[in-house]
Amino acid sequence: MFDPNGQWIPLETYDDFDNGLGELIDLWSSADKSVTQKTKQAALAHYKADLEAATLQWADNKAKSKKYAAIALELAEFEEVLVNGAGPAA
């Protein structure tokens, strides 16, 4: 997602998005104090923008469109957790 210099690496393939979602979740879960809220929000915004572009690119390809829609659903679930929290404590 981000290179060592902090530059966003655009996501292009399904695998990029699939792996990138895990990296995005790890980033948001990080206890590392060098990972700022601004960095987390930037990563989420870039990820969403790249996913939207890929979804539009593959809109006419039913198989690929379904794969990207599944990632978009996972992203929406993740964003819901960010907004609403993980739910009641066990």
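Throughout, numbering of the chain's residues begins at 1 and tracks the sequence.
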Within-4.5 Å side-chain heavy-atom neighbours: [X] and [Y]:
{"X": "L51", "Y": "L75", "result": "yes"}
{"X": "W28", "Y": "E23", "result": "no"}
{"X": "K40", "Y": "Q37", "result": "yes"}
{"X": "E79", "Y": "L44", "result": "yes"}

Would you say that more than 12 heavy atoms from the other residues, nucleotides or ligands in this model lie under 6.0 Å from the CD of E52, or not?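 Not buried by this count: 12 neighbours or fewer within 6.0 Å.
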Tell me, yes or no, whether the heavy-atom count around D60 atom CG, taken from other residues, nucleotides or ligands under 6.0 Å, exceeds 12.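 Open.
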[X] to [Y] - nearest heavy-atom pair and separation:
{"X": "Y47", "Y": "G20", "answer": "CE1-C, 3.7 Å"}
{"X": "L27", "Y": "A43", "answer": "CD2-CB, 3.5 Å"}
{"X": "Y68", "Y": "Y14", "answer": "OH-N, 3.1 Å"}

How far does [atom1] of [X] sit from [atom2] of [Y], to the nearest 0.5 angstrom?
{"X": "N61", "Y": "K66", "atom1": "CG", "atom2": "NZ", "value": "11.5 Å"}
{"X": "F17", "Y": "K67", "atom1": "CZ", "atom2": "NZ", "value": "12.5 Å"}
{"X": "E77", "Y": "I25", "atom1": "CD", "atom2": "CD1", "value": "9.5 Å"}
{"X": "L24", "Y": "F78", "atom1": "CG", "atom2": "CZ", "value": "5.0 Å"}
{"X": "L21", "Y": "D16", "atom1": "CG", "atom2": "CG", "value": "12.5 Å"}

Parallel under 30°, tilted from 30 to 60°, perpendicular over 60°: which one fits the rings of W8 and H46?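 Geometry flag for H46 against W8: parallel rings.
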Side chains of D15 and T13: donor-acceptor distance under 3.5 Å anywhere?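 Not at all, the side chains of D15 and T13 share no donor-acceptor pair under 3.5 Å.
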Are V35 and L82 linked, directly or through other ILVMFWY residues, by side chains that come within less than 4.5 angstrom of each other?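 Cluster IDs for V35 and L82 match.
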Within the side chain of D50, is there an N or O that forms a donor-acceptor pair under 3.5 Å with the backbone of P10?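 No; zero donor-acceptor contacts below 3.5 Å.
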Answer yes or no: is there a donor N or O on one side and an acceptor on the other, between the side chain of S30 and the main chain of D26, under 3.5 Å?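 No: the side chain of S30 does not pair with the backbone of D26.
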